[in-house]
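Because the structure is predicted, anything quoted here is derived from the model rather than measured. Ligands are counted one by one from 1 in listed order, and the atoms in each one are counted from 1 as well. Here, residue 1 is the first one in the sequence, and each next residue gets the next number.
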Amino acid sequence: MKFTILGSGTSVPHPQRSSSGYWLETSDGSLLLDCGASAIHRMAQENLDWVNLDAIWISHFHLDHIGGLPAFLFGTKYAPETQERAKPLKIFGAKNLRRLIEAFGNAGEYNLLKQPFPVEIIEVEPLEKFEIFGGLEAVAAETPHTDESLAIHLKAENDKTLVYTADTGFTKTLGTLARAVDLLVMECSFVKNKPIETHLELAEAMYLVRYAAPKQVVLTHLYPEWDAVDFQKEVRRFSPPCAIIEARDGLRLEI
Ligand SMILES: [Zn+2]
Ligand SMILES: [Zn+2]
């Protein structure tokens, strides 16, 4: 699996951290995990094959995670590069995803689901296995962030595994979901004294790392307050049991 960070930031405009977007590629296909507004141009900047993107996962409906989706669909509708595309694009997410995409479309009569190629919207049930594409299995779990928010566990044909928590408050469910995964991509919005319950701060993230015992961890969705601290120094205080990587836009990992 090849993993590329498009956006390591949040909804707060930041010069180095775009809003959420993560590109995952296996030998069987490609998946975009969340689609913040900047993600669609970041895919092109990173020379990723957005024209043939197989699937998109929307973790929840906050605009730093879905705001780029209507713009992407508006783009693929008219881009010269996608006019000959025949294979379907699958968009996965929680209940009411279709209603929201249709509402975006209706807002400006954009007809976003009428594309040169078929678009499938799949609303998944928590804890029920589903297939993203042949060779990439998934299961989602509810997280304490919004009513619909979901973390996702992915397993490729070669048994490599990844969990993407997306935005979440603290829950041991994440530790269970991410047990022994090859890569845990976990939000860590705040350094400490988090101002809201529905995100994680470093101590909670490190607790979950110990609980899950993944092979390596990327901490992401970093609010600008992280700019003021030394990431690795903060992490070392917790004597991490595995590699803890600070997300940055453009970072690529081979899993
Ligand atoms: Zn967010
Ligand atoms: Zn959110």
(request) Considering just N/O/S atoms, say which atom of His65 is closest to the Zn ion (ligand 1). (result)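 Of the nitrogen, oxygen and sulfur atoms in His65, the Zn ion (ligand 1) lies nearest to NE2.
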(request) Would you mind naming the N, O or S atom of Asp64 nearest to the Zn ion (ligand 1)? (result) OD2
(request) Would you please indicate if the ring centroids of Trp23 and Phe3 are separated by under 6.0 Å? (result) no
(message) Using the ring centroid of each side chain, check whether Tyr207 and Phe170 are separated by less than 6.0 Å.
(response)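 Yes.
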(request) Using the rule that two of Ile, Leu, Val, Met, Phe, Trp, Tyr join whenever any of their side-chain heavy atoms come within less than 4.5 Å, decide whether Met43 and Leu31 are in one cluster. (result)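 Unlinked, Met43 and Leu31 end up in two clusters.
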(request) Run the salt-bridge test on Lys87 and Asp54 with the 4.0 Å N-O cut-off and return the result as yes or no. (result) yes
(message) I'd like to know: is the Zn ion (ligand 1) within the 2.8 Å range of an N/O/S atom from His62, strictly under that distance?
(response) no
(request) Answer yes or no as to whether an N/O/S atom of His60 is found below 2.8 Å from the Zn ion (ligand 1). (result)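 Coordinating: no.
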(message) If you compare all heavy atoms of Leu89 against all heavy atoms of Leu53, which two are closest, and at what distance to 0.1 Å?
(response)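 Closest pair (atom of Leu89, atom of Leu53, distance): CD1-O, 3.5 Å.
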(message) Using a distance threshold of 2.8 Å, state whether an N, O or S atom of Asp167 lies below it from the Zn ion (ligand 2).
(response)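 Yes - counting backbone and side chain alike, Asp167 has an N, O or S atom under 2.8 Å.
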